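Each remark here refers to the structure printed beneath this line.
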Number of protein chains: 2
Amino acid sequence: MPGEELSERQQAVLDAVLALMVAGEALTMNAVARRASCSKETLYKWFGDRDGLLAATVRWQASKVRAGNFDRQSMDAGALRESLSRFAANWLTVISSPTSIALNRLAISHAGSHETNLGGIVLANGRLAIGERVKPLLDAGREAGILAFDDTETAFRTFIGLVGRDVQVRLLLGDRLKLSPATIAADAGRAADQFITLYGTGRPAPAATLNA
Amino acid sequence: MPGEELSERQQAVLDAVLALMVAGEALTMNAVARRASCSKETLYKWFGDRDGLLAATVRWQASKVRAGNFDRQSMDAGALRESLSRFAANWLTVISSPTSIALNRLAISHAGSHETNLGGIVLANGRLAIGERVKPLLDAGREAGILAFDDTETAFRTFIGLVGRDVQVRLLLGDRLKLSPATIAADAGRAADQFITLYGTGRPAPAATLNA
DNA sequence: TCGCTACCGTACCGTACGTTACGGTTCTCG
DNA sequence: CGAGAACCGTAACGTACGGTACGGTAGCGA
C-alpha cells in the first residue's frame, strides 16, 4: 500500500471522496462511485475495501499539504517574529479549512474503533509535520541568542497552544467560528509576540500589541 | 425534552451508554438495551429515538461535571496563580479522561451531518462553562491590579491555549498521550506562570520556572 | 381477585450499505 | 481485425441495525 503511485484517475477518485466529505454527504461506496463516475468494482480493485479507500484519501490529502520550510536567512529578532507569524498564519488557515475539518472529523470518528488508524496518519502529517518544520526555526533562534529554552519540544508546544488555542476543537464540534484572513493575521502576530515575550532574551514586545 | 427529570432507572440506562462509549463498543440500540438490561421498547418510549438517547446521554454526562467555582478570597498574586493552576489541572484532568474523549468523539462525528447538535451541547457545557468560571477570576485579578488586559475573552483564550495546547486534539485522534497527575500538575503550574508573565503587572516569574 | 400500568425479552420488518457478480463498451496491442 | 484488459453501470446478495409489535411478568390500587 505505501509507496504506491496514484494515477491521475485514481487521484480524481480521491478528490471526489474529499469533495463528498467537505459537502457533508455520506461516504458510501455508491456515492463515491457516482461522484467519481467510476464503478464500484474499480473502487474495490484499487483500494481493497472501504477503509482502504478512506485511508488512501487521507494520505492523498496529506501529500497535498506539504508547504515551504523556512529559509535560514538572516536570523534577527524581526526575521524570527516574521517567520513565526507566517507559520502561525499558515497553520491557522489549514486547520480552519473545510477540508481539514472534514478530514479530522473522519479520523476522529474512526479512532479507537477501527483498526485502520486514520488518526495516526493525520497526526503524522499534520501535527508532527509542522513540528519538524518549526523546531529548526526555534533552534536557530536559540543558537542566534534570540530565544532561550531547554526543551525544543516544550517550547514548540507552547507556540502551538498560543496559536491555536481551542480553535480546532471548537471547529470540529461545529462552532460557527469565523476566521477571516485579517483575523488569522492578527492572531498569528499576537501568538508570535506572546511567544517571544515568553522565550525571548531581549526586551518584550510593547504591551499594546499584546493586549489587543 | 429540556427540564425533564431523570429517574434512577433512566440514569442507569444513560450510564450504560457511557460505559459502552468508553469501552469503544458500537452504540447500537440492541447493545444499549442488553447492557442496561432493559427493552428496546422502553428506550424508544423514554428517549424517542437513537439521537434522543445520545443527546440525553451527553446532557447527563454534562450535568455530572459541574464543579466548584473559585472563592473570591484574598486576591493577591500567589492566590491568583494558585487558582489558575487549579483550574488548569482540573480541566486537563477532565479532557484527558476516557469519558470526555469518548463523548467528544461522538459529538464530533455527529457534527455537521446530524441535526441533533451534540457538538453544541458539549461546547456549551465544556468550553463555555469553564470560561464562565475562569473569566470572573481574571476580572478579579484585573480589579486587584495584578493583571492587565483589555478583553477578558481574549485573555481567557490565551490561558486555554497555554493549558491545553494540542492535547485534546491529539487524544481525540488516538495519540497515546500519558497524562499522569504529576504531569498535569506540572503543566498546570507552567501554564499559570506563563499566563501571569504575559498578562501580569508585576515582575515576571523566574525564567527557571518557565523553561522547565 | 381483577384489571391496569410499566416493563422485559424476543421476534420481526424495512432499509441502508458494504461487497460481489456480470453484461456492455472502449482502448490497446499484436 | 481479433483478443484481451480495463473500466463503467447496474443488479443482486447478505448483513447490520433502527424501529415496531407482541407475549409474558411483576407491582399496585380497587
Side-chain angles (χ1 to χ4, degrees), chain A residues 1 4-21 23-58 60 102 105-107 109-118, chain B residues 1 4-21 23-58 60 102 105-107 109-118:
Chain A
M1 201 94 62
E4 299 233 347
E5 295 301 326
L6 293 173
S7 70
E8 292 284 336
R9 188 76 181 93
Q10 287 170 332
Q11 294 176 10
V13 169
L14 299 184
D15 281 329
V17 180
L18 288 173
L20 279 179
M21 279 181 20
E25 300 179 30
L27 291 182
T28 73
M29 301 300 278
N30 260 325
V32 171
R34 206 176 322 119
R35 181 93 173 208
S37 294
C38 73
S39 75
K40 289 203 278 180
E41 190 175 25
T42 303
L43 293 182
Y44 284 98
K45 180 185 215 177
W46 285 347
F47 305 106
D49 57 4
R50 184 170 181 273
D51 275 0
L53 174 63
L54 297 182
T57 303
V58 172
W60 166 237
R105 280 183 182 155
L106 175 67
S109 67
H110 274 227
S113 56
H114 273 254
E115 124 281 357
T116 318
N117 212 354
L118 305 182
Chain B
M1 198 94 61
E4 297 234 347
E5 295 302 327
L6 293 174
S7 69
E8 292 283 336
R9 188 79 180 90
Q10 288 169 332
Q11 294 177 9
V13 168
L14 299 184
D15 281 329
V17 179
L18 289 173
L20 279 179
M21 281 182 18
E25 301 178 29
L27 292 182
T28 72
M29 301 300 279
N30 262 323
V32 171
R34 204 175 325 118
R35 181 93 174 208
S37 295
C38 72
S39 73
K40 286 206 284 179
E41 190 176 23
T42 302
L43 292 181
Y44 284 99
K45 181 185 217 176
W46 285 346
F47 305 106
D49 58 4
R50 183 171 181 272
D51 276 358
L53 173 64
L54 296 182
T57 303
V58 172
W60 167 235
R105 279 183 182 153
L106 174 68
S109 68
H110 274 226
S113 56
H114 274 254
E115 122 282 355
T116 316
N117 212 352
L118 304 183

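Given the structure is predicted, the values throughout are model-derived calculations rather than measurements. A note on names: the letters A, B, ... follow the listed sequences, proteins ahead of strands, and every chain is numbered from 1.
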From [atom1] of [X] over to [atom2] of [N], roughly how many Å is that when rounded to an integer?
X	N	atom1	atom2	value
B:Met29	C:dA11	CE	P	19 Å
B:Arg9	C:dT5	CZ	P	21 Å
B:Leu53	D:dC17	CG	P	15 Å
A:His114	C:dG18	NE2	P	10 Å
A:Tyr44	C:dG18	OH	P	6 Å
A:Lys45	C:dG18	NZ	C1'	19 Å
B:Arg34	C:dA11	CZ	C1'	15 Å
B:Arg35	C:dC8	CZ	P	17 Å

If you check every side-chain atom of [X], which of [options] has the closest atom?
X	options	result
A:Asp49	C:dC8, D:dC7, C:dT19	C:dT19
A:Glu41	C:dC22, C:dG9, D:dT20	C:dC22
B:Ser37	C:dC7, C:dT19, C:dG9	C:dG9
A:Thr28	C:dA21, D:dT20, C:dC17	C:dC17
A:Thr42	C:dA6, D:dG18, D:dC8	D:dC8

Partner of B:Leu118 under side-chain contact (heavy atoms from CB on, under 4.5 Å), picked from B:Thr57, B:Asp51, B:Val58, is B:Val58
Passing option when A:Val32 is tested against A:Leu53, A:Leu54, A:Leu14 for side-chain contact (heavy atoms from CB on, under 4.5 Å) | A:Leu53
With a 4.0 Å cut-off on heavy atoms, is A:Asn30 in touch with a base, just the backbone sugar-phosphate, or nothing at all?
-> nothing
Taking every non-hydrogen atom, the tightest pair across A:Met29 and A:Leu43 | O-CD1, 3.8 Å
Tightest non-hydrogen contact, residues B:Ser39 and B:Ala33, listed as C-CB, 4.3 Å
Is the phosphate of C:dC7, meaning OP1 or OP2, less than 4.0 Å from a side-chain N or O of B:Trp46?
-> yes
Is the backbone of A:Ala31 close enough, under 3.5 Å, to the side chain of A:Glu25 for a donor and an acceptor to pair up by distance?
-> no
Distance-only donor-acceptor test, B:Lys40 side-chain atoms vs D:dG19 base atoms, 3.5 Å = yes
